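Notes follow the structure.
Excluded from the calculations below are hydrogen atoms, water molecules and symmetry mates; all remaining heavy atoms, backbone and side chain alike, are included. Computed from a predicted structure; not experimentally measured.
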Amino acid sequence: MAQAARRAMLNLSNMNPCVKEMQYAVRGPIVIRAAQLEQQLKKREAGDLRKYEDGDPLPFKQVIRANIGDAHAMGQKPISFVREVISLSTTPHLMNKAKSLFSNDAVERAQEILGVVNSMGAYTESPGISAVRRHVAEYITNRDGYPCSADDIFIGTGASSCIKSIMKLCLTMDDNNKPGFMIPIPQYPLYSACTAEFNAELISYYMDEDNNWTLNSDELERAYNEAKSRCTPKAICVINPGNPTGQNIPPENIADIIKFAHKHNLLVMADEVYQTNIWGDNDKFVSFKKVLKDLGPDYDNLPLASFHSVSKGYMGECGLRGGYCEMTNFDPEVRNMLLKLISASLCSSTSGQVAVSCMVKPPTGDAAELYKQETEAVLESLKERAVMVHEKLNQIPGIVCNPLQGAMYAFPRIEIPKKAIELAESQGQSPDFLYCLELLEHTGICVVPGSGFRQIPGTFHFRMTILPPKEQLVVFLEKLAKFHVEFRERYG
């Protein structure tokens with residue numbers, strides 16, 4: 001008899017259960033299906049029939065991806081100064097051989113960085129290139145009007161790695177209770193994925209959709225008190241401007257959150273990666289750091305970790321993987337432990353670090369005018385799209401969307417007929433997953449179900465980004481409106 005095949009020593013039954021528990025909706029099953037449909041469309045272009053696997057023709061000619069905030073993947077052009085500085089830093093001999101192709105600003109910035117690190121292929125200091133951290137500290141000081149030290153800055157491989165590093169500091173078992181993280185619902189799936197990976201407890205606090213996704217102090221207290229029996233709350237995470245919800249939290253609301261955190265001895269984690277993406281005419285971004293300092297010395301013992309990234313804003317440099325964290329009011333010994341933690345990864349991407357420098361310290365010489373033109377063009381176009389998406393979504397019967405005050409997303413609430421809800425539940429799916437899957441199969445539109453971001457039970461949403469070019473968004477919204485009417489008729 002042939003010997004039975006031996007099972008792999010590492011398999012689903014004995015691997016880390018926390019990894020199995022992790023979910024990341026923005027790259028989940030619907031996005032995987034979108035990629036499959038794109039491959040079928042490519043076969044059509046190559047001469048094969050444009051058909052489903054069962055033989056029925058595909059009812060669309062392209063997949064419109066609005067599932068993830070990846071600006072360059074959707075056609076946004078890079079900022080010239082950023083690419084010039086990275087090119088020169090990576091290939092220094094261009095400063096001599098092709099100097100005329102580059103601005104003096106870019107040459108000077110590359111020289112400044114290379115004066116600290118000999119080569120972009122070399123490891124940097126673990127918290128980041130000293131010149132880049134100094135640039136970040138200067139940016140924060142100018143933004144908030146309060147001093148920031150470069151010693152309180154560390155650079156990460158995107159804001160995500162910085163967030164995970166800060167969360168790791170809180171992973172203690174107090175009286176055999178798991179650590180808990182208060183997360184805004186709806187949330188960005190990074191936070192639920194990290195709590196699952198770290199075997200921590202996700203403490204849901206719900207934002208008020210009927211009041212433009214504001215945060216309510218009573219809701220914070222409810223979430224905290226209910227969680228105490230199953231975990232030890234360690235930190236409260238806030239995303240401002242909101243992802244997926246698009247709100248810009250006003251200073252008075254930020255002050256309420258800080259006072260709540262101070263009352264309960266919680267670390268505050270402020271995810272502020274969309275701080276330059278503000279669309280309301282009368283809105284202005286105000287950082288948690290500024291509000292904390294405005295509250296006075298009584299709050300000087302409240303630790304605050306603030307995050308920013310080159311992936312969002314006007315740069316959209318997702319693939320370069322650059323971000324930073326500022327540690328405010330951190331115990332010096334804890335800060336030293338954090339530096340030890342990140343040193344185990346040696347350093348973050350050098351090109352990402354250079355991009356951070358370009359983000360926080362724009363050119364002031366011969367590259368300044370083009371930089372201004374390019375960044376303003378990106379932001380003006382995004383604002384135009386944000387206004388259009390909000391307006392058109394609210395014209396569709398059965399869809400309601402709050403104003404897009406900031407960030408890059410809309411999170412509309414959708415009405416789903418009872419028959420569709422029952423069908424989805426019979427298949428073990430959330431109703432908005434069924435909705436988004438049918439939307440993809442019928443129109444080629446790829447969005448993310450609201451259930452992937454969590455939501456108040458009984459409500460249904462999807463998240464879409466405003467990043468596709470305007471002409472694609474027009475087609476997107478027309479197809480969505482037609483589909484939504486047909487979906488309600490089909491299951492009504």
Side-chain angles (χ1 to χ4, degrees), residues 72 77-143 147-159 161-162 276 308-326 339 342-343 345-378:
H72 289 197
K77 294 181 179 179
I79 303 300
S80 299
F81 177 70
V82 179
R83 294 303 179 89
E84 285 187 18
V85 177
I86 291 173
S87 297
L88 291 169
S89 301
T90 307
T91 316
H93 71 266
L94 291 176
M95 290 188 225
N96 297 319
K97 291 188 175 181
K99 190 174 181 179
S100 62
L101 298 177
F102 300 94
S103 64
N104 291 329
D105 279 334
V107 171
E108 290 171 4
R109 183 66 57 85
Q111 289 174 336
E112 180 183 8
I113 290 167
L114 291 173
V116 180
V117 56
N118 291 331
S119 168
M120 292 293 285
Y123 291 131
T124 71
E125 299 171 71
S126 292
I129 300 170
S130 59
V132 176
R133 287 185 285 122
R134 186 179 71 252
H135 296 163
V136 172
E138 292 168 353
Y139 165 78
I140 293 172
T141 300
N142 293 331
R143 183 195 67 191
C148 172
S149 169
D151 292 337
D152 292 330
I153 304 297
F154 71 92
I155 312 297
T157 306
S161 72
C162 298
T276 56
H308 196 9
S309 170
V310 303
S311 298
K312 310 304 175 186
Y314 48 80
M315 287 176 59
E317 294 281 9
C318 299
L320 292 180
R321 309 308 301 137
Y324 72 75
C325 172
E326 181 192 15
L339 294 178
I342 62 177
S343 69
S345 300
L346 296 174
C347 71
S348 61
S349 160
T350 50
S351 57
Q353 293 188 52
V354 173
V356 169
S357 170
C358 296
M359 174 181 71
V360 298
K361 189 177 181 180
T364 56
D366 61 341
E369 183 59 32
L370 179 59
Y371 187 93
K372 182 173 182 288
Q373 291 174 1
E374 291 176 340
T375 56
E376 287 182 352
V378 170

At their closest point, which heavy atom of [X] faces which heavy atom of [Y], and how far apart are they?
X	Y	answer
Lys361	Phe81	O-CE2, 4.3 Å
Arg133	Ile153	CD-O, 3.3 Å
Glu317	Pro78	OE2-CB, 3.8 Å
Ala368	Asp105	N-OD2, 3.8 Å
Ser130	Val116	OG-CG1, 3.3 Å
Val107	Phe102	CG2-CB, 4.3 Å

Euclidean distance, [Y] [atom2] relative to [X] [atom1], rounded to 0.5 Å:
X	Y	atom1	atom2	result
Leu88	Ile113	CG	CD1	10.0 Å
Leu370	Glu84	CG	CD	8.0 Å
Met120	Thr90	CE	OG1	4.5 Å
Thr157	Leu320	OG1	CG	11.5 Å
Cys347	Tyr123	SG	OH	7.0 Å
Ile129	Glu112	CD1	CD	10.0 Å

Please determine which of Glu376, Glu374, Glu369 meets the side chain to side chain donor-acceptor pair (under 3.5 Å) test together with Lys372.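 Single pass found, and it is Glu376.
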Do any N or O atoms from the side chain of [X] and from the backbone of [Y] form a donor-acceptor pair under 3.5 angstrom?
X	Y	result
Thr91	Leu94	no
Ser311	Gly316	no
Thr141	Cys148	yes

Validation row: [X], [Y] side chains within 4.5 angstrom (heavy atoms):
X	Y	value
Lys312	Met359	no
Ile342	Leu339	yes
His72	Cys318	no
Cys162	Phe154	yes
Met95	Leu114	yes
Thr375	Ile79	yes
Arg321	Ser351	no

Take Val132 and Ile155, measure what side chain to side chain contact (heavy atoms under 4.5 Å, CB included) needs, and give me the verdict at the end. CA-CA 8 Å; Val132 176; Ile155 312 297; 4.1 Å; yes
Against Val360, only a single residue in Val310, Val136, Ile140 fulfils side-chain contact (heavy atoms from CB on, under 4.5 Å); can you say which?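 Testing Val360 for a side-chain contact (heavy atoms from CB on, under 4.5 Å) against Val310, Val136, Ile140 leaves exactly one candidate, Val136.
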